[in-house]
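Contents: one structure, followed by commentary.
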Amino acid sequence: MNNQEMFYVYKLARVNDKTSYHFVDADFDGSISEEAVYYGITRDPKDRLSKHRPGKGQDIALIVLGEFTHAERFFGLEYQAWLVAEHIRKYGSKPELQGESGLGNYGYKYGGNK
């Protein structure tokens, strides 16, 4: 594995228009938002968006909120979890499409979380 490989923490947010399969935005000063439906981490934001769209909708935008080196990847996971926790604190529930990864099979649905 390349130690310089990057990991990106992102949010998926609903937008008013249909989005491109490969349109990715970045907002390193951004954080949680009411429009956010999911927070995640990936090595390839464009590929991840193209995989999210069929199951989560065509009105989904992917916004990168942070980037982490391979050596910092666990801090990326921590940031992702913090975003979900802050979303719950501010809006009263988890983001609409957030799964239950890391909690055993609690949120697992046959065929995987989509």
Side-chain angles (χ1 to χ4, degrees):
M1 174 171 274
N2 179 350
N3 284 338
Q4 298 306 311
E5 187 171 17
M6 299 297 291
F7 290 80
Y8 302 92
V9 174
Y10 64 92
K11 68 179 171 184
L12 296 179
R14 296 244 183 249
V15 293
N16 293 329
D17 300 317
K18 180 179 175 180
T19 60
S20 163
Y21 264 86
H22 301 290
F23 178 78
V24 172
D25 199 1
D27 184 1
F28 294 112
D29 293 325
S31 188
I32 63 169
S33 65
E34 195 167 8
E35 297 80 18
V37 295
Y38 182 86
Y39 299 94
I41 188 168
T42 185
R43 293 184 209 155
D44 187 344
K46 288 183 180 182
D47 182 62
R48 193 69 198 116
L49 176 59
S50 71
K51 290 179 179 171
H52 275 306
R53 283 190 75 234
K56 292 184 170 50
Q58 294 184 354
D59 62 341
I60 294 291
L62 188 147
I63 301 105
V64 174
L65 300 174
E67 61 182 359
F68 299 85
T69 65
H70 177 73
E72 301 167 327
R73 66 194 181 279
F74 293 109
F75 297 115
L77 289 168
E78 176 185 46
Y79 183 46
Q80 175 198 5
W82 179 84
L83 289 166
V84 174
E86 286 300 301
H87 188 101
I88 293 168
R89 285 184 188 102
K90 184 167 186 175
Y91 303 113
S93 63
K94 70 182 177 96
E96 173 190 349
L97 302 174
Q98 196 74 41
E100 304 284 340
S101 64
L103 299 176
N105 287 332
Y106 179 74
Y108 181 77
K109 308 229 182 324
Y110 182 75
N113 288 331
K114 300 203 186 244

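Just so we're clear, the structure is a prediction, and the values are computed from it rather than from any experiment.
- Salt bridge annotation for Lys51-Asp47: present, with a cationic side-chain nitrogen under 4.0 angstrom from a carboxylate oxygen.
- Under the side chain to side chain donor-acceptor pair (under 3.5 Å) criterion, Glu35 pairs with no residue at all, not counting sequence neighbours.
- In plain terms, the two heavy atoms of Val9 and Gly76 that are nearest each other are CG2-O, 3.3 Å.
- Residues Val64 and Phe28 have side chains in contact (heavy-atom distance under 4.5 Å, counting atoms from C-beta outward).
- Looking at residues two or more places apart in sequence or on another chain, you find no side chain to side chain donor-acceptor pair (under 3.5 Å) involving Ser31.
- The structure places CG of Leu65 at 11.5 Å from CD1 of Ile41, a figure rounded to the nearest 0.5 Å.
- Checked against side chain to side chain donor-acceptor pair (under 3.5 Å), Glu72 has the following partners two or more places apart in sequence or in another chain: Thr69.
- Taking CZ of Phe7 as the reference point, atom CZ of Phe75 lies at 13.5 Å (rounded to 0.5 Å).
- Taking every heavy atom of both residues into account, Ile32 and Leu83 meet most closely at CG2-O, 3.3 Å.
- In terms of the side chain to side chain donor-acceptor pair (under 3.5 Å) criterion, residue partners of Glu86 (sequence neighbours excluded) are, by chain and number, Arg89.
- Between Ala13 and Ile63, the shortest heavy-atom contact is CB-CD1, 4.1 Å.
- The shortest heavy-atom contact between Tyr38 and Tyr10 is CE2-OH, 3.4 Å.
- For Tyr79, the ring-ring contact (aromatic ring centres under 6.0 Å, His included) criterion is met by no residue, not counting sequence neighbours.
- If you take OG1 on Thr42 and CD on Gln80, they are separated by 10.5 Å, rounding to the nearest 0.5 Å.
- Annotation for Tyr8 and Glu67: closest pair CE2-OE1, 3.5 Å, computed over non-hydrogen atoms.
- The ring-ring contact (aromatic ring centres under 6.0 Å, His included) search around Tyr91 returns His87, not counting sequence neighbours.
- For the residue pair Val37 and Glu96, the shortest heavy atom distance occurs at CG1-OE1, 3.5 Å.
- Residues satisfying the side-chain contact (heavy atoms from CB on, under 4.5 Å) criterion with Phe74, sequence neighbours excluded, are Leu77.
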